[in-house]
Amino acid sequence: MIAGHDNHRLTRLVRMPEMSRRAFGGLVGGGAVTAVAGTTTTAEAAQALTERPFRARPQGASGRRPNLLVILGDDLGWADLSSYGAPHIRTPHLDRLARQGVRFTDAYSGSSTCSPTRFSLYTGRYPGRTPGGLAEPVANRTQGLDPNHPTLASLLKKAGYATALIGKWHCGWLPDYSPTKSGWDEFFGNRGGVLEYFSKLGQLGDYDLYEGDATHQDLRYYTEVLTERAVDYVSRDHSTPWLLNLNFTTPHWPWLAEGDEETGAEIAARIRSAKSQAEVSAALNHYDGGSVAKYTEMVESLDAAVGEVLAALRRSWQEEHTLVYFASDNGGERWSYLCPLSGEKFVLQEGGIRVPTIVRWPHRIDGDQVSHEPNFSPDWTATFLEVAGARPDPAYPLDGTSLAGYLLRGERLPERDLFWRVRANRALRRGRWKYYQDSAGKDHLYDLGADLREQADLAPDEPDLLAELKAAWERTAAGLLPYPG
């Protein structure tokens, strides 16, 4: 489909030995050089030597359906993991996960903000297929995921899976919307998009930690609380295969790490005294806080939390038959390390939608591999359904393409477009080419194989290709719901 475009880019721009493949992680910029020459450990250098282009394992189908552990970080930037090039952030557990599976360099979220991406992952469809998906993000009690719409959880539940969601939901509040109304047997977490990590005061200014549909009191650091719950879930004696959506809020603002109770209390006090929704949002946005060092601490705590859950999985003897998927809900912002990408959360430039993505399934997929195949959130919904033996609802056709044939049988992915629409931007990727329209309505064309930074606008040089990609975007957009107003 893309004819090894990333390898071509690295060969053309950086004449280096084969060992650079992981150290650069698809990056072309000074940050990656620093990671190689300045801060890479001996273990990571050894890892760089072993990573090879993805190739499916020659193995017949197995009759055992896998557990599905689907982990999301929150606002985690594409290069915020050391295995993706961060020179100052150490993520040994996620790096180990990558060594044991496949690291994707060209993976994308379904949108550039939290709620629409979660809609796309839960439904396998473009966010604009449903009214709730038009909210960027969900911000009040009138918006949410229609409980009648099939979801990954409801479809897997019909196929005999146990289902649970732990962590951030952000697809609607009670009484109309809830994970337990949309196919998840169990829910423990927050309903909104953000909360103060200790008090659990959230987006609407009220307490936002629930077990099922009832509030649950726990004032410990939120990442610790979610990790404990996830460890408990995977450690159970399950009688059926299971799906666990584990949605951390880390490293989303406010910028608080474990031990920052005093700063958390100050933010909580501002929320309690707020006289408007704008004041609540200002307190949680924490514009006067954070730093590169604090953000690093938060990402590293996320890595440690994932490590604890994976250790519990290993202790329970389920590791071999559990497909683990790790990604971010959208690109990073403010303190993220995004080099060499342009843009960040909220926009459809690469920095807003390209995300770190790792998949491990020891029973079916070999480790120490890297894939440059473009993919996005709805593809993984289709993939999870296929490997679990579950059928999509024909009344709600998926927009994603299953990667199961590629991952398990070595099939070539069909040529297809990746499509995004938000209020301010539009984007479409076809192979190495990307069509992008900015907030001023100007059309751009980039060759991502040669220009990952999206700086060389080829629109004047390739008018026919630009017109073709723009027309393809328009055809898809015509089938979506219009934005209100």
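FYI, the numbering just counts along the sequence from 1.
Between N245 atom CG and F384 atom CZ the span is 8.5 Å, to the nearest 0.5 Å. Taking CZ of R229 as the start and CD of E186 as the end, the distance is 9.0 Å to the nearest 0.5 Å. The CH2 atom of W242 sits 5.0 Å away from the CG atom of L69 when rounded to the nearest 0.5 Å. Here the straight-line distance linking atom CG of L403 with atom CG of L413 works out to 5.5 Å at 0.5 Å rounding. Rounding to the nearest 0.5 angstrom, the gap separating the CZ atom in R421 from the CG atom in L428 is 13.5 Å. Separation of atoms OH (Y436) and CD1 (I353) is listed at 9.0 Å; rounding is to 0.5 Å.
Residues W433 and Y446 keep their aromatic ring centres 6.0 Å or farther apart. W380 and F104 have their aromatic ring centers within a separation under 6.0 angstrom. Ring-centre distance between W169 and Y177: not below the 6.0 Å cut-off. For Y122 and H149, the ring centers are positioned 6.0 Å apart or more. With ring centers used as reference points, F54 lies under 6.0 Å from Y406.
In terms of modelled atom types and a separation under 3.5 Å, the side chain of H238 and the main chain of Y233 share a donor-acceptor contact. With hydrogens and angles ignored, the 3.5 Å screen pairs no side-chain donor or acceptor of T151 with any backbone N or O of T123. Between the side chain of E454 and the backbone N or O of D451, no donor-acceptor pair lies under 3.5 Å. Side chain of T113 to backbone of E136: no donor-acceptor contact under 3.5 angstrom is found. Without hydrogens or angle criteria, D379 side chain to G400 main chain gives no donor-acceptor distance under 3.5 Å. No side-chain donor-acceptor contact under 3.5 Å links D106 to the backbone of P374.
Using modelled atom types and a 3.5 Å distance limit, the side chains of Y295 and D80 yield a donor-acceptor pair. A donor-acceptor contact under 3.5 angstrom links the side chains of R191 and S178, judged on distance only. H444 and D438 share a donor-acceptor pair across their side chains, judged by distance under 3.5 Å alone. In summary, the side chains of D95 and S82 do present a donor paired with an acceptor at a separation below 3.5 Å, with no hydrogens or angles considered. E373 and S371 form no side-chain donor-acceptor contact under 3.5 Å, judged by distance and modelled atom types alone. S109 and D329 share no donor-acceptor pair across their side chains, judged by distance under 3.5 Å alone. In summary, the side chains of S235 and S316 do not present any donor paired with an acceptor at a separation below 3.5 Å, with no hydrogens or angles considered. Side-chain N/O atoms of R360 and Q100 include a donor and acceptor closer than 3.5 Å.
Other residues, nucleotides and ligands place more than 12 heavy atoms under 6.0 Å from the CZ atom of R423.
Here R426 pairs with E474 in a salt bridge; the nearest charged N to carboxylate O distance falls below 4.0 Å. Between E300 and R90, none of the side-chain N atoms (NZ, or NE/NH1/NH2) sits under 4.0 Å from a carboxylate O, so this pair counts as no salt bridge. Ionic pairing of K470 and E462 is not present here: no N-O contact between side-chain nitrogen and carboxylate oxygen is shorter than 4.0 angstrom. Using a cutoff of 4.0 Å between basic side-chain nitrogens and carboxylate oxygens, R429 and D417 are not scored as salt-bridged. D447 has a carboxylate O that lies under 4.0 Å from a charged side-chain N of R432, or vice versa, which qualifies the two as a salt bridge.
For the side-chain contact (heavy atoms from CB on, under 4.5 Å) with F326, the qualifying choice from T357, L81, V359 is L81, the only one to do so.
For E468, the side-chain contact (heavy atoms from CB on, under 4.5 Å) criterion is met by R430, L465, not counting sequence neighbours. By the ring-ring contact (aromatic ring centres under 6.0 Å, His included) test, W361 pairs with no residue at all, sequence neighbours left out.
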Check: Stepwise, does the salt bridge (Lys or Arg N to Asp or Glu O under 4.0 Å) test hold for R57 with D366?
Finding: CA-CA 7 Å; R57 181 191 299 169; D366 291 333; 2.8 Å; yes
Next item on the list: Check step by step if side-chain hydrogen bond (donor to acceptor under 3.5 Å, both in side chains) holds for T249 and D74.
Entry: CA-CA 5 Å; T249 56; D74 198 354; 5.6 Å; no
For residues 341-350, which side-chain N or O atoms pair as donor and acceptor with protein atoms under 3.5 Å away, sequence neighbours left out?
residue : atom : partner : partner atom : Å
S342    : OG   : R453    : O            : 2.6
S342    : OG   : Q455    : NE2          : 3.1
K345    : NZ   : D75     : OD1          : 3.4
K345    : NZ   : D75     : OD2          : 2.9
E350    : OE1  : Y108    : OH           : 2.7
E350    : OE1  : R354    : NE           : 2.7
E350    : OE1  : R354    : NH2          : 2.7
E350    : OE2  : Y108    : OH           : 3.4
E350    : OE2  : K434    : NZ           : 2.9

